[in-house]
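Input: a single structure, listed below in structure tokens.
In this text the structure is predicted, and so the values were computed from the model without any measurement. Numbers for residues simply follow the sequence, beginning at 1. Order of appearance sets the numbers: ligands from 1, and atoms from 1 within every ligand.
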Amino acid sequence: MKNELLAIKEKAMAALAACRDGETLESLRVAYLGKKGELTSILKKMGGLSPEERPAMGQLANEVKVAIEGKISALKEEISKRQLYSRLEKEKIDITLDGKSRPIGKKHPLNTVLDEVENIFIGMGYKIASGPEVEYDYYNFEALNIPKDHPARDTQDTFYINDKVLLRTQTSPVQIRVMEKEKPPIRIIAPGRVYRSDEVDATHSPLFHQIEGLVVDKGITMSDLKGTLEVFIKRLYGEDSVVRFRPHHFPFTEPSAEVDVRCFACEGKGCRLCKNEGWIELLGCGMVHPKVLANCGIDPEVYSGFAFGLGLERMVMRRYNIDDLRLLYENDVRFLDQF
Ligand code: DAH
């Protein structure tokens, strides 16, 4: 038995010494130490030994077992270390390689100008307000003093969803929503999308953007309106801008005005940009109509206010000398990359 044990040990050690991977290692473990393994079957024969032989054989068998087990666990560790190293080797990052560059996007020119306008008004203490694009006829027209048969409705070709609901044709309904909810003092601008069923051409689109402004407080006068808009226009177009107020009519303001800036291309002499007018129309404005204040539960005997509305696309086109509105919506990066 002694020889058998020594032979097993020698064989096992030789086999293990040649072993390089976990799978072989496991099959060797089973072959020697497993339930039906070589060493196990010899140990089973121990019972047949004489009592004198047994202790010495028992000790030897144990030594063989411990030796084989020790070698197996040492190998196991070695193999797993080797696997780790080879994985680390493979995963090593080659820092001498160029990185993949991702093109960085830019702000759309509509957003660039919108952000500027917002910042100017935020700097004057205004808050940003918003309202739904799918709007009630009541907010878009009725509450703004534009009743059903009013001619102003004809100029705002409206997408109706049903007789009470439409796509807003202007951002002015946000005025109503803000005044219904908040008590004066109110100072907001409300930028957003508006819709009109216009044919698409170089200056028209069924979707465009307006920025609405509204101030309501005690003692607000036309001079506040003029001063505010002059400051705004000078911040946006430069301190030397010349601003002109022209009488106009809007149903929701009284009095109403349109505001022009002297053409910055020709300084008023007349050119292509200003269509020989010398002036460029910027926005509509006026003192909030007493009826509109009353419609929102604000007493026109106590409070007064001014409002204005401007078209974002026109401002952007003028700023960047863009002659076709459609370019702003086509999302052609070759175009957008220029700003
Ligand atoms: N909502 C008007 C439009 O779409 C623009 C406008 C004019 C808004 C005068 C105002 C305003 O708030 O006071 O033509």
Ligand 1 N/O to protein N/O, distances under 3.5 Å:
unit_1   : atom_1 : unit_2 : atom_2 : d
ligand 1 : 1 (N)  : Gln170 : OE1    : 2.7
ligand 1 : 1 (N)  : Ser172 : OG     : 3.0
ligand 1 : 4 (O)  : Arg196 : NH2    : 2.9
ligand 1 : 4 (O)  : Gln210 : NE2    : 2.8
ligand 1 : 12 (O) : Gln175 : NE2    : 3.0
ligand 1 : 12 (O) : Glu212 : OE2    : 2.5
ligand 1 : 12 (O) : Phe308 : N      : 3.4
ligand 1 : 12 (O) : Phe308 : O      : 3.3
ligand 1 : 13 (O) : Ala307 : O      : 3.2

Regarding Glu313 and His209, is there a side-chain donor-to-acceptor distance under 3.5 Å anywhere?
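There is such a pair (donor and acceptor under 3.5 Å, judged by atom type) between the side chains of Glu313 and His209.
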Before we go on, tell me: are the rings of Tyr160 and Tyr136 under 6.0 Å apart, centre to centre?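 Between Tyr160 and Tyr136, the centre distance exceeds or equals 6.0 Å.
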Margin query: Test of understanding: with side chain to side chain donor-acceptor pair (under 3.5 Å), list the residues that count as partners of Arg29, not counting sequence neighbours.
Written below: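 Partners of Arg29 under the side chain to side chain donor-acceptor pair (under 3.5 Å) test: Glu26.
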Discussion item. Is it the case that the side chain of Glu142 and the backbone of Pro147 share a donor-acceptor pair, with hydrogens and angles ignored and the cut-off at 3.5 Å?
Written reply: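 No, the answer is negative, given that no donor and acceptor are paired below the 3.5 Å cut-off.
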| field | For Lys106, all residues meeting side-chain contact (heavy atoms from CB on, under 4.5 Å), sequence neighbours excluded | value |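 Here the qualifying residues are Asp337.
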Test side-chain contact (heavy atoms from CB on, under 4.5 Å) applied to Met287 - qualifying residues, sequence neighbours left out: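 Here the qualifying residues are Ile220, Met222, Leu225, Pro255, Phe306.
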